[in-house]
Participant: 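One structure is given below, represented as structure tokens, and several questions about it will come after.
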Amino acid sequence: MESTDPSLDHLGFEEVVRLLDAEGIRRAHAVPLFRWLQTGRRLNFEAPLERWLAARPGVCTEATRVSETPSADGETRKFLLRLADGQEVESVLMGFKGRHTACLSTQVGCAMGCVFCATGQMGFRRHLKVGEIIAQARFLETWLRENHDDRLRNIVMMGMGEPLHNFEATMQALELLTDTRGLGIGAPRVTISTVGHVPGIRKLARHPKRYSLAVSLHGATDEEREPLVPINRRWPLVELMDACREFSEIRNQRVFIAWTLIAGVNDDVAQARRLAELLKGMDVHVNLIPLNPTDGYAPQAPGAGEVLAFQRVLQDAGLPSTIRQRKGIDVGAGCGQLATRSGAL
Ligand code: SAH
Ligand code: SF4
């Protein structure tokens, strides 16, 4: 399949230049071609480039809109996109004018099996290719341009899948998304969210670009975390926290910690104290996310009082935290609710 794939949107700028060279097209055409492949914006196309493209269908990786669902407040819009092999992924657009954020998927399904997550409940289908990650961003950028005359400013790799399990494709895609000749998203405005893939975090710590890192914790001891996040057996908390410390120290960069709050499971103040203890001395910011409902998991989100009590413990320990707004819940586009209809069995 790879050998017959005509797409070019996974190519870096220099590769586009070399391709045009090899095809006898002046390299000046590389700038508009690369911009179009990455952003969907067709500017300064001249006749030789038009002719060359006309003979080459399929240069943009397929990601066709199957459905589009706005949230009631109009601030979140979930798109279901169909890929060339018929698999579907979800991509979400969030936020207000001037600071729109794209939430992108990196896999169809996920192998990590977190029990409260709709994508985890689907199981793993396959990794996304670089072009399939780019196609999601290009789709959302085009939608924003056409509907709001605006552009993407932030990207979070928090859609379906575990980005560090698909490390190479994710990093190549981010290289393209941060290229100023394309979308040009600033590296710190890109957040890679991981369940705690330790080798991936260590590699990221040594990466030249300053992407933001979010680590999904949900439990402060192995006993409490493992039933929620089964992959904790492979990378237990000591190793995970060690990798996080290494990331912060090498880069002098704050790490975001995600904690999905589940009533009666991980929302009591004793857990909050253990979390504060675990994070002592680290440069972190904790995002508290009240559980979003999924079909395959019965427990509920805690009430506002419990959430605030949990946050107060962190605050007293000197840990900065935010309670994440529950955006897009009504359309199933909240964190961990992303599963395609065919996947949500
Ligand atoms: N695989 C990566 C990124 C995708 S999940 C990761 O796990 O970090 C994005 C975020 O949504 C994670 O922090 C995850 O823990 C959270 N999440 C998953 N299911 C959720 C649910 N049902 N309610 C609230 N947050 C959820
Ligand atoms: Fe995968 Fe993240 Fe969902 Fe866990 S929370 S199953 S790692 S997508």
Side-chain angles (χ1 to χ4, degrees), residues 76 78 89-92 94 101-128 133 136 155-167 170 174 190-198 200-201 204 211-219 225-235 240 244 255-263 265-267 284-302 307 321-340 343-344:
T76 303
K78 180 179 78 166
V89 286
E90 288 184 336
S91 310
V92 183
M94 308 179 287
T101 299
C103 176
L104 306 183
S105 295
T106 55
Q107 298 176 321
V108 184
C110 183
M112 302 295 134
C114 305
V115 294
F116 51 84
C117 168
T119 310
Q121 290 159 17
M122 279 173 75
F124 179 71
R125 304 253 178 101
R126 68 171 176 85
H127 291 302
L128 294 189
I133 300 174
Q136 297 172 61
I155 289 182
V156 294
M157 307 309 272
M158 289 188 193
M160 297 166 72
E162 165 52 41
L164 299 183
H165 180 211
N166 189 11
F167 191 86
T170 298
L174 294 184
V190 172
T191 302
I192 301 174
S193 180
T194 176
V195 69
H197 189 290
V198 167
I201 295 171
L204 207 54
Y211 301 127
S212 299
L213 175 69
V215 175
S216 301
L217 222 47
H218 320 305
R225 188 167 189 256
E226 211 165 284
L228 298 172
V229 181
I231 201 68
N232 186 76
R233 270 194 293 274
R234 175 117 168 247
W235 298 298
L240 175 54
C244 290
V255 173
F256 295 89
I257 301 290
W259 186 283
T260 297
L261 280 164
I262 309 168
V265 175
N266 68 355
D267 68 333
V284 290
H285 183 103
V286 182
N287 284 316
L288 299 170
I289 316 159
L291 180 76
N292 294 323
T294 57
D295 288 345
Y297 189 64
Q300 300 290 312
V307 175
S321 66
T322 306
I323 298 169
R324 203 180 282 166
Q325 291 164 24
R326 304 184 66 191
K327 279 184 181 297
I329 308 289
D330 54 339
V331 296
C335 300
Q337 290 181 303
L338 301 181
T340 59

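Just so you know, ligand 1 is whichever comes first in the structure, and atom 1 is the first atom listed for that ligand. Note that the numbering runs from 1 along the sequence shown for the chain. Quantities reported herein were computed from a predicted structural model and do not represent experimental measurements.
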Participant: I'd like to check whether G161 has a polar contact with ligand 1, where a contact means an N/O of the residue lying under 3.5 Å from an N/O of the ligand.
Facilitator: yes

Participant: Would one find an N, O or S atom of C110, in either backbone or side chain, under 2.8 Å from atom 4 (Fe) of ligand 2?
Facilitator: no

Participant: Looking at H165 versus F124, is the centre-to-centre ring distance below 6.0 Å?
Facilitator: yes

Participant: Atoms of ligand 2 less than 4.0 Å from G120 heavy atoms?
Facilitator: 6 (S)

Participant: Between Q107 and S105, is there a donor-acceptor pair closer than 3.5 Å when you use the side chain of the first and the backbone of the second?
Facilitator: no

Participant: Using a strict cut-off of 4.0 Å, indicate which atoms of ligand 1 neighbour a heavy atom of T260.
Facilitator: 15 (O), 16 (C), 17 (N), 23 (N), 24 (C), 25 (N), 26 (C)

Participant: Of the protein's non-hydrogen atoms, which lies at the shortest distance from atom 3 (Fe) of ligand 2, and what is that distance?
Facilitator: C117 SG, 2.3 Å

Participant: Just to confirm my output: which protein heavy-atom neighbour is closest to atom 8 (S) of ligand 2, and how far is it?
Facilitator: G161 O, 3.7 Å

Participant: Looking at ligand 2, would S216 count as a contact under a 4.0 Å heavy-atom criterion?
Facilitator: no

Participant: For ligand 1, which atoms, with element, lie under 4.0 Å from some heavy atom of G159?
Facilitator: 4 (C)

Participant: Around atom CZ of R126, are there more than 12 heavy atoms from other residues, nucleotides or ligands closer than 6.0 Å?
Facilitator: yes

Participant: In the protein, what heavy atom is nearest to atom 4 (Fe) of ligand 2, and what distance, to one decimal place, separates them?
Facilitator: C114 SG, 2.3 Å

Participant: Do you know which two heavy atoms are closest between C244 and V255, and how far apart they sit?
Facilitator: O-CG2, 4.1 Å

